[in-house]
Chemist: 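A single structure is presented below for examination.
Just so it is clear: chains get the letters A, B, ... in the order the sequence lines come, proteins before strands, and each one is counted from 1.
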Number of protein chains: 2
Amino acid sequence: MMVLSYDASVMKTNTTLEALTLFYKLLANESRLSILLALRDGEDNVAGICGRTGLSQTLVSHQLAVLHRSDVVRSRRDGRRTFYALADKHIDIIVGFALDHLAEKEVGHE
Amino acid sequence: MMVLSYDASVMKTNTTLEALTLFYKLLANESRLSILLALRDGEDNVAGICGRTGLSQTLVSHQLAVLHRSDVVRSRRDGRRTFYALADKHIDIIVGFALDHLAEKEVGHE
DNA sequence: GCATCATATGACAATACCATCATGTGTCAA
DNA sequence: TTGACACATGATGGTATTGTCATATGATGC
């Protein structure tokens, strides 16, 4: 049973194929991807992310929880707010990379 | 309604976010990813892919159809056989890239 | 403490996806 | 043309995922 959300500490027991699939599953949702793209511009709190993505607070919190459980984003509390950021440069690079290549492919199709 | 399978010709009307999501959805399944990883070694026919992935013929055909509809793989008929290959280097590069970074991240977690 | 702000969590209906079984189609050899 | 081979397709049951509503939790100021 493959589940979207997984505990990062379990990942070592997964095969590479499973790990890679889980990783892509995280990116394979418009809400989550939208959040990640927003975070490429730098860290932001939940309200800020809601504003920038147009998603509801509940949805953003849910998806941030998913992304956080999988160590894709990290969180930092500041008073009542929680700021989220991409956990490392990998996500940033990988998403950017795919975007570039997708764009390139689009052009190629014209 | 976001659907995994989409007609590649429709993609121009999608936003970048949608297109990127659809792209990742294609990779977010263990069977498809397994097929794509197999095809990184070069083109192969359905039976060959079944052998290398351990997946059933029906499943492989189904997933190849999905990947083909989205222009991720291309097909070539040779007699009774159909050979499939990655449509371009993008997929190869992107998957390899994610694999490398995932590996790197794993090491970082030790 | 109490109200409020900011975020998190639980439960759930709707939907999407997956893998399988059964069957269909196209190709070749005899 | 028939049979076997190689692959494709349709239908379907089971399951996973999605987004929403309602509600809970934690922090701050008064």
Chemist: Identify all side-chain donor-acceptor contacts of residues 19-27 of chain B below 3.5 Å with residues at least two apart in sequence or on another chain.
Modeler:
from  : atom 1 : to    : atom 2 : distance (Å)
B:T21 : OG1    : B:L17 : O      : 2.8

Chemist: Tell me which pairs pass salt bridge (charged side-chain N to carboxylate O under 4.0 Å, His left out) where either residue lies in residues 51-68 of chain A, with sequence neighbours left out.
Modeler: A:D41-A:R52, A:D44-A:R52

Chemist: Map B:N29 and A:Y84 onto DNA chain C by nearest heavy atom, then report which one ends up closer to the 5' terminus.
Modeler: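 Going by which nucleotide is closer to the 5' end, it is A:Y84.
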
Chemist: Would you please name every residue forming a side-chain contact (heavy atoms from CB on, under 4.5 Å) with A:T82, sequence neighbours left out?
Modeler: A:S75, A:R77, A:Y84

Chemist: Can you tell me if A:Q63 touches the phosphate of D:dT17, counting only side-chain N or O atoms and a distance under 4.0 Å to OP1 or OP2?
Modeler: no

Chemist: Is a side-chain donor or acceptor of A:S70 paired with a backbone partner of A:V72 at a separation under 3.5 angstrom?
Modeler: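 No, A:S70 side chain to A:V72 backbone: no donor-acceptor pair under 3.5 Å.
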
Chemist: Just checking A:T82: base, sugar-phosphate only, or nothing, at a heavy-atom cut-off of under 4.0 Å?
Modeler: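 If one applies the 4.0 Å heavy-atom cut-off, A:T82 turns out to touch the sugar-phosphate alone, with no base involved.
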
Chemist: Rounding to an integer number of Å, can you tell me how far B:R32 CZ sits from C:dC18 C1'?
Modeler: 9 Å

Chemist: Not counting sequence neighbours, which residues clear side-chain contact (heavy atoms from CB on, under 4.5 Å) with B:R81? List them please.
Modeler: B:N45, B:F83

Chemist: Tell me the interatomic distance from A:E30, atom CD, to D:dT18, atom C1', rounded to whole angstroms.
Modeler: 12 Å

Chemist: Taking only residues two or more places apart in sequence or in another chain, which ones pass side-chain contact (heavy atoms from CB on, under 4.5 Å) with B:S61?
Modeler: B:V46, B:Q57

Chemist: Could you give all pairs that pass the salt bridge (charged side-chain N to carboxylate O under 4.0 Å, His left out) test and reach residues 56-68 of chain A, with sequence neighbours left out?
Modeler: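 Matches after skipping sequence neighbours: none remain.
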
Chemist: Could you give the NE2-to-C1' distance, from A:H68 to C:dA8, as a whole number of Å?
Modeler: 13 Å

Chemist: Can you give one letter per nucleotide of nucleotides 21-27 of chain C, 5' to 3': B if a protein heavy atom sits under 4.0 Å from the base, S if only from the sugar-phosphate, - if neither?
Modeler: BB----B

Chemist: Tell me, which of residues 35-49 of chain B have any heavy atom that sits under 4.0 Å from an atom in DNA chain D?
Modeler: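 B:N45, B:V46, B:A47, in order of number.
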
Chemist: Who passes side-chain contact (heavy atoms from CB on, under 4.5 Å) against A:R74, sequence neighbours left out?
Modeler: A:A85

Chemist: Grab the CG-C1' distance between A:L55 and D:dG19 for me, whole Å please.
Modeler: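 The distance from CG of A:L55 to C1' of D:dG19 comes to 10 Å, rounded to the nearest Å.
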
Chemist: Tell me the interatomic distance from A:L26, atom CG, to D:dA16, atom P, rounded to whole angstroms.
Modeler: 16 Å

